[in-house]
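Below is one structure, written out as structure tokens; comments come after it.
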Amino acid sequence: MARQREKRCGEIILNMANIYLIGPRACGKTTLGRALAKRLELPFVDTDIFLQEKVGLSIAEIVAQKGWDYFRELEEQIFKEISRQGPQVVSTGGGIVLRPANREILKSSRYVFYLHGQVELLAGRLRKDNDNALRPALTNLSLEQEIEEVLREREPLYRQCARLVLDASMSVSELTEVCIQALQH
């Protein structure tokens with residue numbers, strides 16, 4: 001029988017469990033993930049960055065060359081690979097919940113935090129971030145309409161997978177504390 005390894009993070013014991021952050025683009029998954037990983041002294045992985053480094057192309061380039069279906073297939077493979085490692089803090093791509101296999105990984109995980117953000121907050125962050133070369137539009141709609149459409153499709157999936165829903169408008173330090181409290185229970 002394999003010996004169970006554990007990682008002590010202060011008073012928190014993570015039995016090889018990953019901490020997953022899910023939600024739409026610009027909700028703050030990467031920012032919170034880095035802060036939480038630093039606080040818990042755990043590795044941090046961003047699935048989008050990991051995928052791009054592994055393939056050697058940006059998401060926009062992958063989508064332009066091979067399409068969204070191909071990207072989602074790659075994303076699923078990368079997510080399976082990442083999910084077998086741990087404990088670590090994992091920031092997922094916004095569409096990770098679109099694939100049933102990814103949802104099963106998340107639903108079977110103990111620590112899944114959904115960063116829920118209002119359309120106005122997400123649109124403002126995306127306009128400020130302005131990295132469309134890295135994150136292509138998903139539709140031909142206006143930014144606000146696209147966010148509304150994406151949330152309409154994905155919100156039930158995010159909630160289905162999440163153990164805790166967080167308010168993305170909170171500060172990073174507040175969100176980190178809420179996560180730490182949740183991990184202690």
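Computation of the quantities below employed the complete heavy-atom set of this structure, encompassing side-chain atoms and omitting hydrogens, waters and symmetry-equivalent molecules. In what follows, residues are counted from 1 in the order of the sequence shown. Everything numeric here is computed off the predicted structure, so don't read it as measured data.
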What residues form a salt bridge (Lys or Arg N to Asp or Glu O under 4.0 Å) with E177, not counting sequence neighbours?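 Only R39 meet the salt bridge (Lys or Arg N to Asp or Glu O under 4.0 Å) criterion with E177.
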
Between the main-chain N or O of [Y] and the side-chain N or O of [X], is there a donor-acceptor pair closer than 3.5 Å?
X	Y	result
N18	Q88	yes
T47	G93	yes
E153	V150	no
Q52	D48	yes
R25	G94	no

Any donor-acceptor pair under 3.5 Å linking the side-chain atoms of Y114 with those of Q160?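 Absent: no donor and acceptor within the cut-off.
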
Atom CG in L122, atom CG in L143: separation rounded to 0.5 Å?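 Separation between the atoms: 9.0 Å.
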
As an exercise, state the distance from CZ of R125 to CD1 of I147, rounded to the nearest 0.5 Å.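 If we round to the nearest 0.5 Å, R125:CZ and I147:CD1 are 11.0 Å apart.
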
Going by the rule ring pair (Phe, Tyr, Trp, His ring centres under 6.0 Å), which residues pair with F71 if we only count those two or more places apart in sequence or in a different chain?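 With neighbours one apart ignored, the set is W68.
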
Could you tell me which residues satisfy side-chain hydrogen bond (donor to acceptor under 3.5 Å, both in side chains) with [X], sequence neighbours excluded, listed by chain and number?
X	value
K66	none
Y158	none
E144	R127
T92	none

Can you name the residues that form a side chain to side chain contact (heavy atoms under 4.5 Å, CB included) with [X], not counting sequence neighbours?
X	result
V112	Y20, I22, L106, S109, R163
E120	Q118
V55	L51, L57, I62, L74

By the ring pair (Phe, Tyr, Trp, His ring centres under 6.0 Å) test, which pairs, at least two apart or in different chains, include something from residues 24-49?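 Qualifying pairs: none.
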
Are L36 and I180 packed together at the side-chain level, in the sense that at least one heavy-atom pair is separated by less than 4.5 angstrom?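 A side-chain contact under 4.5 Å exists here.
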
Can you find a pair of side-chain heavy atoms, one from V178 and one from L166, that are under 4.5 Å apart?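 A side-chain contact under 4.5 Å exists here.
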
Where at least one partner belongs to residues 80-103, residue pairs that pass salt bridge (charged side-chain N to carboxylate O under 4.0 Å, His left out), sequence neighbours excluded: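 Checked against salt bridge (charged side-chain N to carboxylate O under 4.0 Å, His left out) - neighbours excluded - the pairs reaching residues 80-103 are K54-E81, E73-R99, E76-K80, E76-R99.
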
Filter on salt bridge (charged side-chain N to carboxylate O under 4.0 Å, His left out), then keep only pairs touching residues 167-176, sequence neighbours left out; what's left?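 Output for this query is empty, none listed.
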
